[in-house]
Amino acid sequence: MKKPPVDPRERILQVVRRIPRGQVLGYGEVARRAGLPGRARLAAKVLSENNDPDLPWHRVLRSDGRIALPAGSSGFNTQVERLRAEGLTVTAGRVRGAKPAADVDELVWGPPR
DNA sequence: TGCCTGACAAATA
DNA sequence: GTATTTGCCAGGC
């Protein structure tokens, strides 16, 4: 079986990396799928520390479906632009047209046996 | 070792 | 629908 990284940070990055284009996840959801229930804030910190251009961090939103970063910020601007580029609609920091990536579990943990 | 902060979540008004 | 408060856990100093 595939053994996921032991480092919590790596696991979170792994989950975020498997989010399909046009789909989004919440910090709490990402943490839970990474095997770290209740570590939503840790996921946020990890994303804030990350510097990987290939990491679709912009697909990670708050439980309210809102952009986590403050409107007007550089990160906020980038996130909105990227989401729109994927066919989604962003209004007032809110994301529309996107649905929770429920099938990410299989993408992360491999084939569903 | 102890205190403060944080790209959060859920509940309440 | 938004604004506030409380709780949870890890990381940094």
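Chain letters run A, B, ... following the sequence lines, proteins first and then strands; every chain starts at 1.
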Would you compute the distance between atom CG of L83(A) and atom CZ of R21(A) and round it to the nearest 0.5 angstrom?
11.0 Å
Check every strand shown and say whether R94(A) touches a base, only sugar-phosphate, or nothing at a heavy-atom separation below 4.0 Å.
sugar-phosphate
Quick check on DNA chain B: between D64(A) and L42(A), whose nearest nucleotide comes earlier from the 5' end?
L42(A)
Keeping R62(A) on the side-chain end and G28(A) on the backbone end, is there a donor-acceptor pair under 3.5 Å?
no
N/O donor-acceptor pair under 3.5 Å between R84(A) side chain and V90(A) backbone:
yes
5'-most by nearest nucleotide on DNA chain C - E49(A) or G38(A)
G38(A)
Looking for any heavy atom pair under 4.0 Å, which part of the strands does S48(A) touch: base, sugar-phosphate only, or nothing?
base
Quick one: label R66(A) by what it contacts on the DNA or RNA (base, sugar-phosphate, nothing), any heavy atom closer than 4.0 Å.
sugar-phosphate
L61(A) and side chain to side chain contact (heavy atoms under 4.5 Å, CB included): which partner among R94(A), R66(A), Q79(A)?
Q79(A)
Whole angstroms only, please: what is the CG-P distance between D7(A) and dA10(C)?
13 Å
Is there a donor-acceptor pair under 3.5 Å between the side chain of R11(A) and the backbone N or O of A34(A)?
yes
Indicate, with a heavy-atom threshold strictly under 4.0 Å, whether R41(A) touches base, sugar-phosphate, or nothing.
base
Boundaries of the DNA chain B segment in contact with chain A, non-hydrogen, under 4.0 Å
dG6(B) to dA10(B)
Checking the side chain of R82(A) only, and the main-chain atoms of H58(A) only, is there a donor and an acceptor separated by less than 3.5 Å?
no
